[in-house]
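In what follows, every heavy atom counts, from backbone to side chain, and hydrogens, waters and symmetry copies are set aside.
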Amino acid sequence: MADPIGIDFGGSGIKAAPVDLSTGDFSAERERIDTPEESNPKAVAKVMATLLERFEDSHSAVGVTIPGVVRKNGVVASAANIDKGWIGTDADDLLSEELGREVHVINDADAAGLAEARYGVARGRDGLVIVTTLGTGIGSALLYDGTLVPNTELGHLEIEGHDAESRAANSARKNEELSWERWAKRLTTYYRTLEKLFSPDLFVVGGGVSKNGNEFIPLIDIETEIISATLRNTAGIVGAAALAVDKQDA
Ligand code: BGC
């Protein structure tokens, strides 16, 4: 059977690649197109169709990440950093129709969490693992003994009167030109709050910035073990591809 394709819908780019699920590696070069200025469902679906044309197999299963809450039936329920037109959209239906095959959507951080649990640092880790993605926003995936509890949205906890991601996401570091030290202070506040609420066994830090994990993770002053993700930027694609196959088999 052809390798499933994962598509990662992010604030700046839409990226796709086929994934070999026996290893979690891409089986062909990743393709990328800028996210359209107006990131409404139709415009984004069009970009995804163009991306899919670049891969040979037109029958492979397709999984798509969405940077918002995704209900069990594929309906998007929030859109903090994308066009609000996604809210209430049945994304499984719309994308299946536009892409001409069965498509399943999943929250982007949940996809990353799934990928880390199957192929990355969270593999084989029992107990409660919280995977956080630090990017434009903060995404979260909660895994208990490897099982995902979806849509936790821990980037939107209110901390010291602020939406947590507005202070501690990687976009805040960039926009406010924070040093690694100053950003790590904010991350300490953030992760201490998560610690207090969940008493996890492990935190995993994902998102593109985790490639610089050495610069800031050791500065985060908490009790719980906290480590950099393994898959980083590929995690969304890998998790989405895995989900597409899970759903097809279901
Ligand atoms: C969204 C989440 C998403 C995260 C990372 C947040 O603003 O509410 O659904 O996982 O950003 O993209």
Would you check if the side chain of [X] reaches a backbone N or O of [Y] as a donor-acceptor pair within less than 3.5 Å?
X      : Y      : answer
Thr230 : Val121 : yes
Thr133 : Ala109 : no
Thr23  : Asp25  : yes
Thr147 : Leu143 : no
Glu165 : His156 : no
Ser60  : Pro4   : no

Provide the closest heavy-atom pair for [X] versus [Y] in the form atom of the first, atom of the second, distance.
X      : Y      : result
Pro200 : Glu195 : CD-CA, 4.0 Å
Thr188 : Ile220 : OG1-CA, 3.5 Å
Ala91  : Val76  : CB-CG2, 3.8 Å
Val70  : Ile106 : CG2-C, 3.8 Å
Ala169 : Gly135 : CB-O, 3.4 Å
Ser166 : Ala172 : O-CB, 3.5 Å

Kindly check if the number of other-residue, nucleotide or ligand heavy atoms within 6.0 Å of [atom1] ([X]) is above 12?
X      : atom1 : answer
Arg32  : CZ    : yes
Glu181 : CD    : yes
Lys174 : NZ    : no
Arg182 : CZ    : no

Audit row: Arg71, Asp90, salt bridge (charged side-chain N to carboxylate O under 4.0 Å, His left out) steps and yes/no: CA-CA 9 Å; Arg71 297 274 187 203; Asp90 184 331; over 6 Å; no
Side-chain heavy atoms of [X] within contact of [Y], under 4.5 Å:
X     : Y     : answer
Lys15 : Phe9  : no
Leu99 : Met48 : yes
Pro18 : Phe55 : yes

To the nearest 0.5 Å, atom CG of Leu95 lies from atom CG of Leu52 at 10.0 Å
Find the distance between CD1 (Ile66) and CG (Asp108) and round it off to the nearest 0.5 Å.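 Reported value, rounded in 0.5 Å steps: 8.5 Å.
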With no hydrogens and no angle check, do the side chains of Thr132 and Ser140 hold a donor and an acceptor under 3.5 Å apart?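 No donor-acceptor contact under 3.5 Å links the two side chains.
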Any side-chain donor near an acceptor of the partner, Thr65 and Asp8, under 3.5 Å: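 A pair is found: one side chain offers a donor N or O, the other an acceptor, under 3.5 Å apart.
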Charged N-O contact under 4.0 Å between Arg186 and Glu176: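 Judged by the 4.0 Å cut-off on N to carboxylate O distance, Arg186 and Glu176 do form a salt bridge.
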Answer yes or no: is there an ion pair linking Arg167 with Glu160, defined by an N-O contact shorter than 4.0 Å?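 Answer for the salt bridge query: no.
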Do the two ring centres, one from Trp183 and one from Tyr190, sit under 6.0 Å apart?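 So the answer is no for these two rings.
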Applied to residues 214-225, the salt bridge (Lys or Arg N to Asp or Glu O under 4.0 Å) test, sequence neighbours excluded, yields Arg125-Glu225, Arg192-Asp221
Tell me, please, which residues at least two apart from Phe203 pass ring-ring contact (aromatic ring centres under 6.0 Å, His included). Tyr191
